[in-house]
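Notes follow once the structure below has been shown.
Reckoned from all heavy atoms, side chains included, excluding hydrogens, waters and symmetry mates.
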Amino acid sequence: MRQVLQNGTTKIHEYRTWLPTSQGAEKPFAVSFQCLQGADGESLGVCVISADVTASWQARERLAVLDRASARLGSTLDVMQAGQELADLAVPLLADYVAVDLEQSISFGEGPPVGISATGSRLPAFRRAGLASIRQGVPESPWMRGEPVDVPADSPFTAVLRAGKPRLEPVLDTGAGTWIDSVPGLARRVRENGMHSIMIVPIRARRGLLGVALFVRTTDPVPFHEADLLLAEELVARAAQSLDNARQYASRHAAALTLQRNLLPRHLTGGTAVEVASRYLPADVDHGVGGDWFDVIPLSGARVALVVGDVVGHGLHAAATMGRLRTAVHTLADMELPPDELLAQLDDTVQRLGEEDCDLPDPPIAVAGATCLYAVYDPATRRCTMASAGHPPPAIIDPQGRVSYPDLPTGTPLGVGLGEPFDSVELELDEGSVLALYTDGLIETRDHDIEEGMHRLGTALAQPDRTLDDLCDIATRTLPDQAPCDDVTLLLVRTRSLNPSRVVTWALPRDRSAVRHARRLAAHQLTQWGLEGLADATRLIVSELVTDAVRHGTGPIELRLVRHRVLTCEVSDTAAFIPRPHRARTTDENGRGLFLVTNLSRRWGARSTSGGKVVWAEQELPHTSERQPVAA
């Protein structure tokens, strides 16, 4: 006022004070001081105008809080962290203590949000996601983050959850016999920490209930009022958007993880051909979703197919694409295709899938860039045939610990559409050799090239006396400490060989006497193996297969019996024609042989070879046969 009198000016000043008639909190005022002057310019006095600007101050504080909310909320796609962000933002700006509870399925991405219903009798279960307090250690909360929360049936929370509307209790009744006493741990903390005013705000999104936020005052003696509730609702509404985004993200990843777990093999078995161990380390440790896959597929004649593949990318689409390719490989493997032909068929399949995706209104990422290595190992001959579609070569460790990488043509990745044929390589492996199939995430990092990674892998695996599980652990521990940029997949197999006494091969004459000769040889061999109970069925199977080879085949005929987990009968010739069963008419004298084989065998099929084809049939062994000695 003196300054205004001296200078003849006008000044505006803002301050906080208590009104003489008010016992509440201090209020902000804006005061205008204006000098009153006479006609001669002399100062006559001062005019003071005071105005209560509480509403405008609250509006500015609310805008400041919301600006902070816009900057801090939505910085994460983790549901639990999003709940913590809301709690951290509201303390101490709005409350002394805040708890954020989410419907428990939200954090796991399981299903849609719970619907809000005023008539629902069963409340959803909640889990504490966010906690913040002006006091060290959050002594107000009986539940820590991640723990389930007990919601009393007759509490204000129940009314909020059923109606979906916020609730303000300026003065919380903490007396004996109230709803608080239904949860003893909560009642004690409420009274010990002086909780006297609360706001309960539901967290809603897409007409569903995500959770509930509790705002409490303890140290601040001023109760919450309607303006505070409006600000809390605005904060929760902005946090709900972040939580809903995080929920959808968690849901997609949960679906992708479930899909991938169901598509990857749960139990690998190599039969009598190989011993198996594997490891899969996702680059996304939290959700474990990627496009890598591996497989061990039993084939006829004790053989086994070894597969490892890599679909570029991560997430639900990569996992779904991986599943489609794995199913296609299984189907093609059942057709007994050689590795190079199988990859050619798989390449066509990937191209067709890409064309189908391109026709969709919102096409997903193309699957071009998927790679695959397919190998077939025969324990009877110890020969392994393999082919690659843009995949790194396997590591081979012989029984002495020497490491080598075969000179395998790399081939083009699946689906790129170049039309180049795939080449296969055939190797003879010593019994007890370790074959390592892997994806490039195991050998390639941001700071190291592939050659260095292959050398590191070979060094880790050059320990033939260790178990395969130990070797898997050693190989994956050699990865750099930095977070992997790609999924890591490792499939290790140790080769076995069939005892020569379990495999018998005969060359048959190409005339009618071949059938009688083959029946006699097969029956005699089954007697030596102690399998006389299979003699009748085997003689009929041999008769039909050899008869077809004599009538429809060309070149030399060969009969082979293989005793492993089943009894396999194989007949080979040089004709490329693959027999197919057809329905014989009642007047036909022929055409029922393969139907007879179908009824007598566990399964049967045919496969192409470089020199013709092999038709085979399998029979189950008696339960006691594997415990009987095998004749030399």
Side chain to side chain contact (heavy atoms under 4.5 Å, CB included) between F294 and L268, worked out
CA-CA 10 Å; F294 55 92; L268 294 175; 3.6 Å; yes
After noting the C-alpha distance and the side-chain angles of D310 and M322, does the key distance pass the side chain to side chain contact (heavy atoms under 4.5 Å, CB included) rule?
CA-CA 8 Å; D310 183 3; M322 175 270 288; over 6 Å; no
Start with the C-alpha gap between I180 and L172, add the side-chain angles, then the distance that decides, and say whether side chain to side chain contact (heavy atoms under 4.5 Å, CB included) holds.
CA-CA 10 Å; I180 298 175; L172 178 63; 4.3 Å; yes
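Every residue two or more places apart in sequence or in another chain that forms a side-chain contact (heavy atoms from CB on, under 4.5 Å) with T219 is listed here: D96, I134, R135. Here E169 pairs with R167 under the side chain to side chain donor-acceptor pair (under 3.5 Å) rule; sequence neighbours left out. Residues meeting the side-chain contact (heavy atoms from CB on, under 4.5 Å) test with Q241, sequence neighbours left out: none. For S155, the side-chain contact (heavy atoms from CB on, under 4.5 Å) test picks out V151, P152, F157, T158, W179, with sequence neighbours left out. The side-chain contact (heavy atoms from CB on, under 4.5 Å) test applied to R279 returns D469, C472, D473, T476, not counting sequence neighbours.
Here the side chain of H196 pairs a donor or acceptor atom with the backbone of D220 at under 3.5 angstrom.
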Residues 36-43, side-chain donor-acceptor partners within the protein, below 3.5 Å, at least two apart:
from, atom 1, to, atom 2, distance (Å)
D40, OD1, E42, N, 3.1
S43, OG, L5, O, 3.2

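Note on D244 versus R204: no salt bridge recorded, every NZ/NE/NH1/NH2 to OD/OE distance being 4.0 Å or above. Looking at D228 and R217, a side-chain N of the basic residue comes within less than 4.0 Å of a carboxylate O on the acidic one, giving a salt bridge.
Across R127 and V149, no two heavy atoms sit closer than the pair C-CG2, 4.2 Å. Listed here is the closest heavy atom pair of L346 and A328: CD1-CB, 3.8 Å.
Put simply, the side chain of Y438 reaches to within 4.5 Å of the side chain of I443, judged on heavy atoms. Contact annotation: the side chain of D487 never approaches that of T439 to less than 4.5 Å [non-hydrogen atoms, C-beta and beyond]. Residues L442 and T489 form no side-chain contact, since every pair of their non-hydrogen atoms from C-beta on lies 4.5 Å or further apart. Between V488 and Y280, every side-chain heavy-atom pair lies at or beyond the 4.5 Å cut-off. Residues C372 and H391 are not in side-chain contact: their nearest non-hydrogen atoms beyond the backbone lie 4.5 Å or more apart.
Screening I203, V236, D101, L102 for a side-chain contact (heavy atoms from CB on, under 4.5 Å) involving V212 leaves a single residue, D101.
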